[in-house]
Chemist: 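Just dropping this structure here.
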Amino acid sequence: MRPARQHAHLHAQSRLRERRERLASEAARLMSESGIADYHQAKLKAAERLGIHDDASLPRNAEIEAALRQYQRLFGRDSAGELQRRREAALEALRFFRAFEPRLVGPVLEGTADARSPVMLHLHVDDAEAIHRFFVEHDIPAQARSRRLRLDRHRDIDAPVWIFSADDLPFDVTVLPHDVLRQAPLSPVDEKPMRRASHTQLRQIVADAEIEGFERGLG
């Protein structure tokens, strides 16, 4: 490649990288301040606001998640408290739903939760109606929805979802077949199996975070 063409190519790549970073930052701001939970929606809204319309400039979901973490470190003074509150509530919920081998997923587990984030759980049972009966038995008003998840590269599932509130916190519970315990559905962020945590694993994460916070305070 000739020097002039190489310079032009590098300049174009640099501008593309800058646009992707701007879009990722704006999408992260929208997710944090406006309560947008969907990465695709956030990046399209960010592109509209910034007047950037070429698909090549759209950041990957993982780039937006990284920008969201950075945004919360810089501006989310209350995020740490909201995260801790939700993780403590998740521990209670994991105990409450223990008959359905529950797992915590999503922003509360990943550490990107804020004041708008629901506690997201996966319950595993072959009889999906058992969850409805469980809610009725415990007098929990919950709204039924559905969500399409990718089980792997070749299979999708329309899973029942139940939305409810407890202790002024939103909960989002997805009901999955029992055999999905063997491998988590694919994450919409990076298309790899979702990170998930049992009660024991979350309790360790909470304990580690408390130790880290204490050591940071000493420093």
Side-chain angles (χ1 to χ4, degrees), residues 1-80 82-83 86 103-122 145-159 161 163 170 172 174 176 180 183-197:
M1 185 179 292
R2 294 178 179 177
R5 291 183 60 189
Q6 183 179 19
H7 177 76
H9 175 73
L10 291 175
H11 180 67
Q13 290 297 106
S14 176
R15 290 192 63 188
L16 178 62
R17 184 168 57 252
E18 289 174 2
R19 287 197 299 270
R20 289 173 71 99
E21 290 174 354
R22 286 177 61 207
L23 279 172
S25 296
E26 178 63 10
R29 187 190 68 79
L30 289 170
M31 293 183 76
S32 183
E33 295 183 1
S34 303
I36 298 175
D38 182 83
Y39 284 87
H40 185 68
Q41 181 185 355
K43 74 175 74 174
L44 292 182
K45 187 70 173 176
E48 178 184 350
R49 292 209 171 185
L50 296 178
I52 298 174
H53 304 294
D54 59 305
D55 290 344
S57 296
L58 294 179
R60 295 187 299 272
N61 291 347
E63 294 175 77
I64 298 175
E65 184 177 57
L68 182 58
R69 291 178 186 274
Q70 178 67 13
Y71 184 90
Q72 290 177 338
R73 280 195 295 269
L74 293 174
F75 304 108
R77 284 177 286 182
D78 298 328
S79 294
E82 294 290 350
L83 176 61
R86 280 159 172 74
R103 298 292 186 270
L104 176 67
V105 298
V108 175
L109 176 59
E110 297 295 342
T112 56
D114 56 27
R116 296 181 179 87
S117 301
V119 178
M120 302 184 72
L121 302 178
H122 284 178
R145 299 181 184 175
S146 66
R147 174 176 295 128
R148 173 153 288 212
L149 295 174
R150 297 189 67 192
L151 296 181
D152 53 40
R153 302 290 182 184
H154 309 289
R155 295 183 300 154
D156 293 346
I157 185 175
D158 288 318
V161 175
I163 307 295
D172 177 311
T174 302
L176 296 166
V180 177
Q183 178 173 304
L186 301 185
S187 167
V189 176
D190 56 14
E191 297 190 344
K192 296 178 181 178
M194 288 183 186
R195 185 184 175 205
R196 54 188 181 179

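All heavy atoms count here, side chains included; hydrogens, waters and symmetry mates do not.
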Chemist: Mind listing the closest non-hydrogen atom pair of Leu176 and Leu149 along with its distance?
Modeler: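 Looks like CD2-CD1, 4.0 Å.
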
Chemist: Apply salt bridge (Lys or Arg N to Asp or Glu O under 4.0 Å) to Glu191 and Arg153, showing your working.
Modeler: CA-CA 9 Å; Glu191 297 190 344; Arg153 302 290 182 184; 3.2 Å; yes

Chemist: If you measure from CZ on Arg20 to OG on Ser25, what distance do you get to the nearest 0.5 Å?
Modeler: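 Going from the CZ atom of Arg20 to the OG atom of Ser25 covers 12.5 Å.
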
Chemist: Under a 4.5 Å cut-off applied to non-hydrogen side-chain atoms, are Val161 and Asp172 in contact?
Modeler: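 They are in contact (side-chain heavy atoms under 4.5 Å apart), so the answer is yes.
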
Chemist: Taking all heavy atoms of Pro193 and all of Leu186, pick out the closest pair and write down the distance.
Modeler: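 Looks like N-CD2, 3.8 Å.
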
Chemist: Could you tell me whether a side-chain N or O of Glu63 sits under 3.5 Å from a main-chain N or O of Arg60, the two making a donor and an acceptor?
Modeler: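 Flag set: sc Glu63 to bb Arg60 pair under 3.5 Å.
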
Chemist: Can you see which heavy atom on Thr174 is nearest to which on Arg147, and at what distance?
Modeler: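 Looking at all heavy atoms of both residues, the closest pair is OG1-NH1, 2.9 Å.
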
Chemist: Check whether any side-chain heavy atom of His40 sits under 4.5 Å from a side-chain heavy atom of Asn61, and report yes or no.
Modeler: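 They are not in contact (no side-chain heavy atoms under 4.5 Å apart), so the answer is no.
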
Chemist: Which heavy atom in Leu23 sits nearest to a heavy atom in Lys43, and how many Å separate them?
Modeler: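 For Leu23 versus Lys43, the nearest heavy atoms are CD2-O, 4.5 Å.
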
Chemist: Any ion pair linking Asp54 and Arg19 (charged N to carboxylate O, less than 4.0 Å)?
Modeler: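 Salt bridge between Arg19 and Asp54, a charged N being under 4.0 Å from a carboxylate O: yes.
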
Chemist: Hey, is Arg15 close enough to Glu18 for a salt bridge, meaning N to O under 4.0 Å?
Modeler: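 Judged by the 4.0 Å cut-off on N to carboxylate O distance, Arg15 and Glu18 do not form a salt bridge.
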
Chemist: Got a second to check how far Met194's CE is from Arg103's CZ, nearest 0.5 Å?
Modeler: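 Rounded to the nearest 0.5 Å, the CE-CZ separation comes out at 14.5 Å.
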
Chemist: Hey, does Val105 have a side-chain heavy atom less than 4.5 Å from the side chain of Arg195?
Modeler: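 Heavy-atom side-chain distance check fails, nothing below 4.5 Å.
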
Chemist: Is it the case that over 12 heavy atoms from other parts of the model lie below 6.0 angstrom from the CZ atom of Arg150?
Modeler: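 Atom CZ in Arg150 is packed in, count exceeds 12.
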
Chemist: Between Asp114, Val108, Leu104, which is the residue that forms a side-chain contact (heavy atoms from CB on, under 4.5 Å) with Arg86?
Modeler: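 Of the listed options, the one satisfying the test is Val108.
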
Chemist: How many angstroms lie between atom CG of Leu44 and atom CD of Glu48, to the nearest 0.5 angstrom?
Modeler: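 Answer rounded to 0.5 Å: 9.0 Å.
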
Chemist: Can you name the closest pair of heavy atoms from Pro59 and Ile64 and give their distance?
Modeler: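 Heavy atoms only, the tightest pair is CG-CG1, 3.9 Å.
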
Chemist: May I ask you to test the Val180-Pro185 pair for a side-chain heavy-atom distance under 4.5 Å?
Modeler: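 Result yes, sub-4.5 Å side-chain heavy-atom pair found.
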
Chemist: If you look at every heavy atom in Met31 and Ala42, which pair is closest and at what distance?
Modeler: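 For Met31 and Ala42, the tightest heavy-atom pair comes out as CG-CB, 3.5 Å.
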
